[in-house]
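Single-structure report; data block below.
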Amino acid sequence: MNLDFSDDQKFLQEEARKFLEKEEALNRNRAVLETDNKFDEDLWKKIVDLGWTGIRIPEEYDGLGLGHLELCVIAEELGRFLAPVPFSSSVYLFTEAIINYGTDEIKEDILPKLVSGEIVGTLAVTEDLHAPTKNNINLSYANGKINGKKIAVPDAGVATHAVVVAKSNKGISLQLVDLSVTGVTTEHQENIDESRGHFSITFNDVETQLLGDEVSGWELYESLINQAAVLFSYEQIGGSQASLDMAINYAKERYAFGRPIGSYQAIKHKLADMYIALTLAKSNCYYAAWALSTDAADLPSASATARVSATKAYQLCSKENIQTHGGNGFTWEYDCHMFYRRSKLLSLNIGSLSNWREKLVTSLEQSNIN
Amino acid sequence: MNLDFSDDQKFLQEEARKFLEKEEALNRNRAVLETDNKFDEDLWKKIVDLGWTGIRIPEEYDGLGLGHLELCVIAEELGRFLAPVPFSSSVYLFTEAIINYGTDEIKEDILPKLVSGEIVGTLAVTEDLHAPTKNNINLSYANGKINGKKIAVPDAGVATHAVVVAKSNKGISLQLVDLSVTGVTTEHQENIDESRGHFSITFNDVETQLLGDEVSGWELYESLINQAAVLFSYEQIGGSQASLDMAINYAKERYAFGRPIGSYQAIKHKLADMYIALTLAKSNCYYAAWALSTDAADLPSASATARVSATKAYQLCSKENIQTHGGNGFTWEYDCHMFYRRSKLLSLNIGSLSNWREKLVTSLEQSNIN
Amino acid sequence: MDFNDTPEEAKFRKKCREWLEKNATYKDESTPQNDDFANANKMKAAKAWQKKKYDAGWAMLHWPKEYGGIGASSMERIIWANEEAKFDVPKGIFEIGLGMCGPVMMEYATEEQKERYLPPMAEGKEIWCQLFSEPSAGSDVAGLRSKAVQDGDKWIINGQKVWTSGAHFSDFGILVVRHDPNLEKHKGMTFFFVDMKSPGIEVKPIKQITGGSSFNEVYFTDVEIPDSQRLGEIGDGWKVAITTLMNERLAVGDAGGADVEDAFRWAKTQDNLGDPLLTNKAARESIADWYCEKSGLKNTKLRTMSALSRGDTPGPEASITKIVSAGKLQDIGNFGIDSLDMAGMLKTDNQDIKGFQNAWLGAPGMRIAGGTDEILRNIIAERVLGLPQDPRADKGVAFKDIPSGNS
Amino acid sequence: MDFNDTPEEAKFRKKCREWLEKNATYKDESTPQNDDFANANKMKAAKAWQKKKYDAGWAMLHWPKEYGGIGASSMERIIWANEEAKFDVPKGIFEIGLGMCGPVMMEYATEEQKERYLPPMAEGKEIWCQLFSEPSAGSDVAGLRSKAVQDGDKWIINGQKVWTSGAHFSDFGILVVRHDPNLEKHKGMTFFFVDMKSPGIEVKPIKQITGGSSFNEVYFTDVEIPDSQRLGEIGDGWKVAITTLMNERLAVGDAGGADVEDAFRWAKTQDNLGDPLLTNKAARESIADWYCEKSGLKNTKLRTMSALSRGDTPGPEASITKIVSAGKLQDIGNFGIDSLDMAGMLKTDNQDIKGFQNAWLGAPGMRIAGGTDEILRNIIAERVLGLPQDPRADKGVAFKDIPSGNS
């Protein structure tokens with residue numbers, strides 16, 4: 001019985017934390033938010049140099065050949081420091097898609113370049129202002145080429161490649177696209193958290209490589225998302241923990257009516273509730289990490305459970321951290337709002353809370369919990 | 001602009017409160033709860049003598065010929081003191097059904113006896129463990145007779161008459177039944193709040209009188225419930241207020257760690273939240289009372305709004321009153337649980353919270369709120 | 001119970017409406033109302049509208065005639081406000097001056113000062129602001145530390161104020177400062193009004209989460225205020241301030257922004273996983289609850305107005321408005337954004353989506369400004385429900401000896 | 001990460017299971033588990049089962065051999081408990097004795113006392129209870145007022161205890177009382193164990209909301225306790241009690257009763273307005289959230305066990321279990337009852353409905369017993385998050401001078 005990370009994994013996490021602290025990732029996030037940069041190139045390069053982009057990539061492709069658990073601890077730290085880099089898009093989604101669904105040829109071509117940083121990837125699925133479903137994908141795939149438009153693609157400004165969900169007369173498929181070729185137009189779309197840029201991408205007769213087959217693309221997409229949800233959840237609990245820590249520190253230091261505001265039950269119990277939500281989420285993440293790392297049969301429900309509780313925890317912690325900070329909390333100057341924004345971004349990037357609740361209950365129906 | 005009761009109505013309410021206080025209605029409720037009596041006969045007789053059963057009955061039928069507003073203030077006081085009498089069944093539901101849908105002949109026969117107390121009525125609709133709908137009424141009406149069984153009928157142990165929702169080959173209808181005739185079998189059904197007995201009634205070839213027509217009975221039932229919801233809501237805010245008052249008093253008197261528990265924010269803010277819920281509910285009740293008394297076009301949404309917020313307020317106030325009382329709160333000896341039980345009884349008697357939310361949104365769709 | 005005006009009220013309402021119809025246009029209720037955070041022409045339009053009202057006698061209805069009012073009743077004020085609210089006219093800029101500074105001046109200023117300052121305030125020619133909060137004195141306003149030192153017939157002010165709405169365009173401000181930190185907290189303060197163009201005053205906008213800046217920091221460096229601009233006695237500063245704060249807390253109303261009608265309209269058209277959002281029972285339950293809250297607040301206001309109409313003093317029900325509406329605003333913002341799933345982050349031209357995003361970004365501030373949720377619950381518990389005060393660590397000692405951490 | 005036992009753990013688990021399979025039958029998991037509040041045969045069956053375990057060495061695994069244990073590790077205790085939980089065996093009656101009284105006796109009793117009392121306790125022959133709470137000392141246990149007056153080599157006890165589980169069938173009890181109200185609150189208490197059959201002890205059951213009586217009031221009138229039954233020094237009563245309370249608060253676990261599986265199973269079959277409840281999105285969202293809570297608690301426990309398995313001291317996560325599970329219990333009870341609409345009040349033979357109604361009636365007690373929601377949140381905030389204590393009005397003065405209202 002050991003629902004905990006190994007000493008090596010904990011060491012990796014500790015190192016990641018020290019690195020991001022030293023690099024002042026939080027300040028870098030603010031800098032990206034306040035300028036027209038859509039990510040922090042310097043930090044990204046350092047992350048690449050540390051090998052994090054290759055954690056899950058087999059050694060034969062120059063990666064570290066480690067497991068999902070190592071990725072989880074890194075994700076938690078990136079979440080804690082709001083690192084303004086395309087890690088989730090490129091590593092949790094794009095890289096995993098290549099590892100899971102790429103042919104040997106594709107892997108040989110792409111994976112080493114993900115390790116070296118030459119390639120940065122993302123996933124493009126949404127086409128309009130609705131949750132993507134099997135039925136509202138219209139971007140067309142025919143004769144080896146795609147035509148159409150994707151919107152709200154995170155990190156596409158820096159990405160060199162994308163996995164694109166497309167539709168042919170046979171069904172839904174996943175398409176690997178080089179974004180540097182003619183026919184691809186990437187345009188910035190303003191969003192609520194500019195520390196992670198969002199973009200539309202238009203494809204005009206663009207050649208692609210098929211990942212998997214032309215029929216079961218939607219199932220591959222769902223499976224990819226179910227895995228990625230665990231990693232997103234780790235980012236979310238990292239952010240929740242940081243928000244809670246900020247609130248605790250402020251509550252100890254800020255005085256009102258002659259005593260620290262943390263001595264008032266209104267604040268104490270608020271923080272206790274944040275701690276409770278975070279603890280539940282964290283424990284669910286641990287289980288989901290195990291399920292992910294062992295490809296357990298209950299991964300769909302385990303990842304949805306982690307995702308739902310991590311989303312709830314981060315929403316609660318980031319908003320009540322603002323509230324605990326009082327007037328300072330809703331200034332631009334304090335960091336609180338950066339966590340509030342990121343909590344929303346992470347909760348939407350792979351689908352909303354209500355849709356993940358729906359996925360969870362659907363998976364319970366399928367597995368028949370009682 | 002006057003969203004308030006008149007001085008006369010306030011005087012009536014004051015008198016009702018004094019009467020119920022003097023009669024120790026709360027202790028009477030406990031007595032009924034703890035014995036096999038299913039209501040307090042003595043209190044009921046006194047209420048009849050005060051003329052409350054005839055408030056809405058026209059003077060030509062020996063009633064007081066007053067309006068719904070007078071009924072609202074009485075309802076609030078009955079709710080505050082948990083009066084263990086069949087007032088809601090007989091007055092809000094049965095009497096109103098006769099006034100609204102009875103022929104002159106029926107009115108002449110029934111209404112004076114409701115005033116004198118000779119008749120006590122109730123409404124029988126549910127047939128199984130589901131919310132009643134147009135489609136699950138199976139009690140049959142044919143050739144002037146009904147056959148079938150109703151369950152969970154409040155106060156049927158004391159009622160002499162009932163309005164029964166029945167189905168014929170033409171549709172749903174409301175049937176007036178004398179419960180003393182052969183073919184009627186009334187059986188007690190244990191329930192969570194025995195201060196208001198619930199019963200099943202079996203009808204075996206029982207003669208009835210039709211209220212309204214044989215086609216639109218369900219619409220008549222819905223309209224009756226929409227009106228009664230306002231009165232139920234007043235009972236609910238009366239109970240909410242009593243629960244809040246109990247909690248406030250206890251919080252002022254009970255000491256822990258050297259000071260009144262009401263000086264701790266955990267308790268203060270809990271009570272503030274109860275006050276907020278109650279204030280919202282009360283204000284919605286005032287508006288609904290106006291809509292009821294003027295038969296306003298928006299009565300359906302107004303009554304559903306009052307009902308939903310009063311149900312929520314009473315559930316919150318009755319459960320957090322227990323919590324405020326700590327260990328004492330969950331003893332049988334303290335009164336807290338009587339309010340908790342009654343809050344559930346009143347919230348179910350004319351349909352659950354979730355079904356009233358549904359009614360509210362449906363009425364908004366019909367009236368197109370924006 | 002009735003919703004009709006008395007004959008006098010009806011007559012007055014008709015008069016209001018006739019004037020308004022002649023001088024303004026009705027709001028278009030079918031589009032969502034978005035408060036624009038930064039708008040350069042707003043000030044000009046607001047001043048013009050205030051002047052127009054003033055000239056016609058509508059500016060400060062309840063003020064005495066000599067200061068530009070018509071001595072109207074509370075009910076007449078409400079009727080005017082109701083009617084004006086139906087029209088598309090610029091508002092908000094004068095609220096603090098007319099709602100908080102005016103009443104203080106009315107009560108504590110000399111006759112000459114009232115004649116000098118009140119009419120231009122009512123006319124919209126001179127704008128006023130309020131200088132109470134400080135970096136270390138937020139919920140605990142009386143914890144303020146800005147210093148006033150008497151020097152002959154003037155006072156020298158040093159310190160910093162914060163959360164001052166409109167400081168950058170205000171002509172005057174009301175100010176409470178500490179003249180003696182050796183006295184008990186609530187006894188060492190004195191109240192003034194100050195010319196915002198005085199040397200030594202520096203105003204810096206505070207950027208908020210929303211990106212906008214409706215508040216300022218105001219720095220005082222050796223600012224001189226004549227003793228004649230003191231309001232109340234030396235040491236009475238808190239007594240004067242608390243009246244003003246009570247006015248503020250009563251005035252703090254609905255959080256504004258996206259509301260249940262917006263959520264409802266949106267749910268009718270937005271699809272989720274192939275079905276209209278309005279067929280989703282979870283969405284329906286939320287809409288029902290928000291509707292009940294909104295309706296409850298509206299009807300609470302009507303009950304308050306009924307009390308006013310009878311000439312009674314309204315009850316404390318108003319204190320719940322902000323708690324309820326700010327929480328609702330945050331939830332509705334969230335609901336709208338989440339209904340867009342992955343695209344919810346995107347800023348678009350869609351007014352509904354803008355409304356939801358503004359709600360989500362603005363609500364955290366609404367839960368704090370004008371009294372945090374926590375302070376308002378304390379007020380309800382203590383002043384309305386009569387529960388005992390929190391134990392106070394800041395009473396019975398000199399201000400300078402009250403524990404304050406590092407803040 | 002893995003969920004497998006170490007080879008030693010696996011061996012031990014096998015041993016447990018083999019014995020259990022021989023001596024008991026598995027629970028039927030397909031029916032909801034309803035705790036029966038009053039059952040006359042329960043005691044007999046429980047004593048028999050405890051005796052059986054004792055004889056085979058399973059009763060108090062971690063106790064030293066001389067008192068009836070086998071000196072097992074924490075992990076072995078957990079493995080045993082996990083395995084035993086799968087079987088349909090009577091439990092609960094010995095929990096307080098073995099969980100709270102045993103450890104105190106182990107630490108403070110004399111060697112002879114331990115030899116006399118611990119084995120019969122482990123065997124289930126003698127049942128123990130805990131006498132701490134008083135009518136005016138609930139959350140504030142140290143506010144207790146029952147008096148102990150020393151008289152030669154014995155003490156005379158007068159006063160009243162309350163919330164004593166099992167007092168009516170207990171043979172002995174542990175007791176904390178005030179020997180000197182002139183000392184400070186936490187310094188004037190002394191700790192004893194007492195024969196529950198002593199003259200002057202009267203036990204009265206407390207009827208609860210549920211109708212059942214799992215607790216008692218215990219009255220002490222001139223009850224004599226020999227000084228040899230004092231545990232710890234005179235004046236050390238609080239120190240001894242607090243260890244016991246910590247054990248209780250760690251032991252307080254899941255609220256039990258209807259849970260998300262029951263809600264889920266029910267929603268699959270129950271119709272609402274013509275549609276299966278499980279198609280209702282509001283119901284689905286509730287089920288999802290309850291599942292996440294339940295799962296979060298389960299996985300938190302697994303993390304705690306992982307720490308134990310490594311030989312670490314577990315973190316304070318356990319403190320959240322009761323807050324989360326009691327609230328969930330109340331909501332699930334409500335959900336089930338409401339799904340029956342007007343018929344939800346009726347008691348029926350349906351086990352699911354019984355489960356929901358028991359949950360709704362029992363949950364208010366679960367939110368209070370063993371530490372109220374409010375006290376537990378305070379504990380989390382102060383002991384886990386390190387926030388400052390509430391201001392204390394009961395420190396630094398004689399107990400008799402602490403304000404206590406009329407209570």
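The chains referred to below are lettered A, B, ... by the order of the sequence lines, with proteins before strands, and numbering in each begins at 1. All values below come from the heavy atoms of this structure, side chains included, with hydrogens, waters and symmetry mates left out.
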Segment of A:D128 engaging chain C (4.5 angstrom heavy-atom cut-off) | backbone
From C:I337 CD1 over to A:S347 OG, what is the distance, rounded to the nearest 0.5 angstrom?
-> 8.5 Å
C:S339 OG to A:H130 NE2 distance, which is reported to the nearest 0.5 Å | 8.0 Å
Exceeds 12 heavy-atom contacts within 6.0 angstrom, atom CD of A:E34 | yes
Specify the closest pair of heavy atoms between C:M342 and A:T126, including all atoms of both residues, with the distance to one decimal.
-> CB-OG1, 3.4 Å
Quick check: are there more than 12 heavy atoms from other residues, nucleotides or ligands sitting under 6.0 Å from CG of A:D36?
-> no
Check each atom of A:T133 against the heavy atoms of chain C and say whether the ones under 4.5 Å are side chain, backbone, both or neither.
-> side chain
Got a second to check how far C:S404's OG is from A:R254's CZ, nearest 0.5 Å?
-> 10.5 Å
Pick from A:E358, A:K134, A:R341, A:E333 with the largest number of heavy-atom pairs that fall under 4.5 Å of chain C = A:R341
Is any side-chain heavy atom of C:L361 less than 4.5 Å from a side-chain heavy atom of A:I192?
-> yes
Quick one: sort the A:Y340 and C:W360 rings into parallel, tilted or perpendicular, breaks at 30° and 60°.
-> parallel
Filtered by a 4.5 Å non-hydrogen cutoff, the part of residues 273-284 of chain C contacting chain A is C:L273
When you check the gap from the basic side-chain N to the acidic O, do A:R259 and C:D394 get nearer than 4.0 Å?
-> no
Go through the atoms of C:I402 and report whether side chain, backbone, both or neither lie under 4.5 Å from a heavy atom of chain A.
-> side chain
Please examine the side chains of C:I209 and A:W332, heavy atoms only from C-beta on, and report whether any two atoms are closer than 4.5 Å.
-> no
Those residues of residues 159-166 of chain C, ordered by number, that approach chain A below 4.5 Å (heavy atom to heavy atom) | C:W163
Which of A:A256, A:A266, A:G329 touches chain C most, by non-hydrogen pairs under 4.5 Å = A:A256
With sequence neighbours excluded, tell me which residues meet side chain to side chain contact (heavy atoms under 4.5 Å, CB included) with C:N378.
-> B:Q265, B:K268, B:H269, C:E382, C:D390
Search all heavy atoms of C:D338 against all heavy atoms of A:Q315 and return the closest pair with its distance.
-> OD2-NE2, 4.3 Å
Proximity breakdown for C:K185 and chain A, heavy-atom pairs closer than 4.5 Å | side chain
Of A:Q189, A:H198, A:K344, A:H337, the largest count of non-hydrogen pairs under 4.5 angstrom with chain C goes to A:K344
Closest heavy-atom pair, A:Q323 versus C:T372, reported as atoms and distance to 0.1 Å, is NE2-CB, 3.9 Å
A:I151 and C:A343 have their tightest heavy-atom pair at CD1-CB, 4.3 Å
Mind jotting down which residue pairs meet the salt bridge (Lys or Arg N to Asp or Glu O under 4.0 Å) criterion with at least one end in residues 365-376 of chain C? Sequence neighbours excluded, please.
-> A:K270-C:E374, A:E320-C:R367, C:R367-C:D373
Is it the case that more than 12 heavy atoms not belonging to A:K359 sit under 6.0 Å from its NZ atom?
-> yes
Can you check side-chain contact (heavy atoms from CB on, under 4.5 Å) on C:M345 and A:D193, steps first, answer last?
-> CA-CA 7 Å; C:M345 293 303 287; A:D193 179 6; 3.6 Å; yes
Nearest heavy-atom neighbours spanning C:N272 and A:S354 | ND2-OG, 4.4 Å
Option among C:I353, C:D271, C:D341 that satisfies the side chain to side chain contact (heavy atoms under 4.5 Å, CB included) test with A:L129 = C:I353
Out of C:R377, C:Q270, C:K207, which one racks up the most heavy-atom pairs below 4.5 Å with chain A?
-> C:K207
Heavy-atom distance under 4.5 Å between the side chains of C:L346 and A:E190, does that happen here?
-> no
